[in-house]
There are 2 protein chains.
Amino acid sequence: MHDVRLSPTRRRNTFEVGQMTAEVKPAALQLTERQEARRRRILHSSARLASRGGFDAVQMREVAENSGVALGTLYRYFPSKVHLLVATMQDQLQHMHETLRKRPPTEEEPAARVAQTLMRAFRALQREPHLADAMVRALTFADRSVSPEVDTVSRLTTAIILDAMGLAEAPTAEQLSAVRVIEHTWHSALITWLSGRASIAQVKIDIETVCRLIDLTAPAPGR
Amino acid sequence: MHDVRLSPTRRRNTFEVGQMTAEVKPAALQLTERQEARRRRILHSSARLASRGGFDAVQMREVAENSGVALGTLYRYFPSKVHLLVATMQDQLQHMHETLRKRPPTEEEPAARVAQTLMRAFRALQREPHLADAMVRALTFADRSVSPEVDTVSRLTTAIILDAMGLAEAPTAEQLSAVRVIEHTWHSALITWLSGRASIAQVKIDIETVCRLIDLTAPAPGR
DNA sequence: TGCGTTAGTGAAACTTGTTCTAGATAAACG
DNA sequence: CGTTTATCTAGAACAAGTTTCACTAACGCA
């Protein structure tokens with residue numbers, strides 16, 4: 001039939017064919033065990049190659065070979081290199097979220113808690129700078145065809161920050177804006193660090209600076 | 001001799017050869033008239049192609065052809081596609097800076113002035129969304145080999161913001177931090193808009209939100 | 001002005017992301 | 001089971017960024 005992809009996303013410039021039999025689930029279709037295993041192997045190879053040499057070191061042929069899968073299959077699972085790396089990031093973020101949940105920030109003030117959390121994440125990234133490079137570059141380079149996946153990453157990041165603020169539920173619109181700006185700063189500061197234009201100390205200052213925005217926002221709905 | 005480039009920057013993974021005769025200026029070496037003209041033609045073609053179809057539409061062979069220059073020459077002037085697009089951005093930013101100088105923001109408060117200025121710039125970008133796409137994607141995708149050029153862009157942006165704040169000279173360290181965060185937000189918000197994950201209204205809110213940081217910083221040295 | 005050096009040209013080659021094709025396998029299903 | 005259909009494989013083919021090479025043109029200077 002009409003070449004249905006595993007991933008719910010379509011490719012770059014292809015227009016929707018619209019041909020979709022009724023029972024196809026728009027969300028992630030469930031995979032067989034072997035398929036789940038393949039997917040996992042691919043993500044693992046991707047992360048391994050990335051932590052060696054960053055974005056450039058993740059070569060699709062090599063990922064395919066290392067995960068024991070044909071090139072065509074790799075592309076069926078992840079329709080582009082950027083998709084693959086963004087998915088890798090999703091994966092890593094999930095780990096980080098769980099880790100952070102286990103040891104919530106110790107600071108009192110929300111702003112300080114967020115800053116502490118982000119600095120923890122930052123230190124984790126510093127341990128694998130190449131991996132960080134691959135993931136963050138992919139994330140900011142992603143075009144519209146990757147929007148759903150990038151959005152997922154964004155939601156995960158937002159959740160982490162809201163957790164740190166101590167209000168996973170019922171944030172005000174104002175607070176959400178602040179969180180969005182914090183996220184912007186986080187990504188962009190990482191970029192400047194990764195490309196050697198800002199020091200670790202600099203990133204720390206930027207994070208702390210932007211976190212001051214939190215103090216400006218309503219403490220809660222019911223101020 | 002040892003292949004000296006026009007551009008002061010070296011290529012991707014090459015290490016400095018260190019062989020540099022004393023009289024070579026580290027800054028932009030001066031070009032002859034014909035060379036200056038070539039450079040200009042190249043940047044012009046680049047911008048034209050970019051405004052057609054964004055990052056992907058800027059193809060090195062086509063840029064070379066359109067500017068009447070051999071491919072090898074193009075690479076001598078701009079050692080990679082990203083270098084070329086970042087230089088294009090420098091060029092555009094310079095224009096914008098001049099334009100903004102002529103009509104400074106009308107608002108009273110520094111924060112509002114900066115927000116107004118950035119929204120003006122944003123509207124200019126909206127007129128050429130593809131061009132914006134090419135430039136911003138190149139900027140955030142740039143690796144270490146492009147750091148000097150990206151830094152120039154960053155300095156230009158900083159200058160624009162400081163101008164809007166009304167203190168081109170003697171900003172405090174705190175104020176510089178705020179400006180840096182504003183710049184982060186600016187770039188990242190543009191990215192989310194360009195990739196269709198945020199609306200124009202959303203970008204406006206983010207800009208206004210981050211500009212509130214300015215109110216938090218010392219009004220001047222001599223508070 | 002002549003000459004050695006640097007810059008520019010044209011074309012081919014190389015690299016890596018992406019696509020395509022034909023055939024082998026596995027899954028689903030009657 | 002046997003058949004039909006979706007996946008997977010191997011490998012070629014294609015596209016665009018980048019490099020290389022052999023050669024010519026332009027420049028700078030003694």
Side-chain angles (χ1 to χ4, degrees), chain A residues 1-7 10-14 21 23-24 29-39 41-42 46 49 53-65 67-85 134 137-138 141-143 145-146, chain B residues 1-7 10-14 21 23-24 29-39 41-42 46 49 53-65 67-85 134 137-138 141-143 145-146:
Chain A
M1 278 281 107
H2 272 319
D3 182 10
V4 176
R5 292 206 134 71
L6 278 175
S7 162
R10 297 290 167 285
R11 285 312 326 296
R12 357 182 69 193
N13 294 317
T14 63
T21 53
E23 69 277 22
V24 175
L29 10 180
Q30 63 225 7
L31 309 181
T32 73
E33 208 166 304
R34 306 164 57 87
Q35 287 178 324
E36 190 52 56
R38 263 190 214 104
R39 198 187 125 88
R41 286 204 307 277
I42 292 173
S46 167
L49 287 172
F55 189 89
D56 291 338
V58 180
Q59 304 197 353
M60 297 305 269
R61 288 177 230 274
E62 202 166 350
V63 171
E65 193 169 343
S67 39
V69 127
L71 189 56
T73 305
L74 171 53
Y75 272 94
R76 181 187 281 274
Y77 280 72
F78 301 97
S80 80
K81 174 169 170 172
V82 169
H83 280 87
L84 171 58
L85 284 171
R137 298 258 298 285
F141 190 61
D143 65 3
S145 73
V146 206
Chain B
M1 278 283 106
H2 274 318
D3 180 10
V4 176
R5 293 208 131 72
L6 278 173
S7 161
R10 295 291 167 285
R11 284 312 327 295
R12 358 181 68 194
N13 294 318
T14 62
T21 52
E23 69 276 22
V24 174
L29 11 179
Q30 64 225 3
L31 310 180
T32 72
E33 206 165 307
R34 306 164 57 87
Q35 288 178 322
E36 190 52 55
R38 262 190 215 104
R39 200 186 123 88
R41 286 203 306 277
I42 292 173
S46 166
L49 287 173
F55 189 89
D56 291 339
V58 180
Q59 303 197 354
M60 299 303 269
R61 290 177 172 88
E62 202 167 351
V63 171
E65 193 169 344
S67 39
V69 128
L71 190 57
T73 306
L74 170 54
Y75 273 94
R76 180 186 282 276
Y77 279 73
F78 301 97
S80 80
K81 175 169 170 171
V82 169
H83 280 86
L84 170 58
L85 284 171
R137 297 258 297 286
F141 190 61
D143 66 2
S145 73
V146 204

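Below, chains carry the letters A, B, ... as their sequence lines are ordered, and counting in each starts from 1.
Across C:dA13, C:dG17, D:dA10, the shortest atom-to-atom separation from the side chain of B:R61 is found for C:dA13. In this structure, of D:dT9, C:dA12, C:dT9, it is D:dT9 that holds the atom nearest to the side chain of A:T73. Considering only the side chain of B:V69, C:dT9 comes nearest among D:dC27, D:dT18, C:dT9.
Residue B:E33 contributes atom CD, which lies 18 Å from atom C1' of C:dG8 at whole-angstrom precision. In this structure, CE of B:M60 is placed 16 Å from C1' of C:dC14, rounded to the nearest angstrom. In this structure, B:Q59 atom CD and D:dT18 atom C1' are separated by 14 Å, rounded to whole Å. Between A:R34 atom CZ and D:dA6 atom P the separation is 19 Å, expressed in whole Å. Residue A:D143 contributes atom CG, which lies 10 Å from atom P of C:dT18 at whole-angstrom precision. Following rounding to the nearest Å, A:R76 (CZ) and C:dT19 (P) show an atom-to-atom distance of 13 Å.
With rounding to the nearest 0.5 Å, the separation of CG in B:L74 from NE2 in B:H83 is 12.5 Å.
Taken over five-pair windows at either terminus, the axes of the helix from C:dT1-D:dA30 to C:dG30-D:dC1 are inclined to one another by 20° (rounded to 10 degrees).
For the pair A:Q35 and D:dC8, the criterion of a side-chain N or O lying under 4.0 Å from OP1 or OP2 is met.
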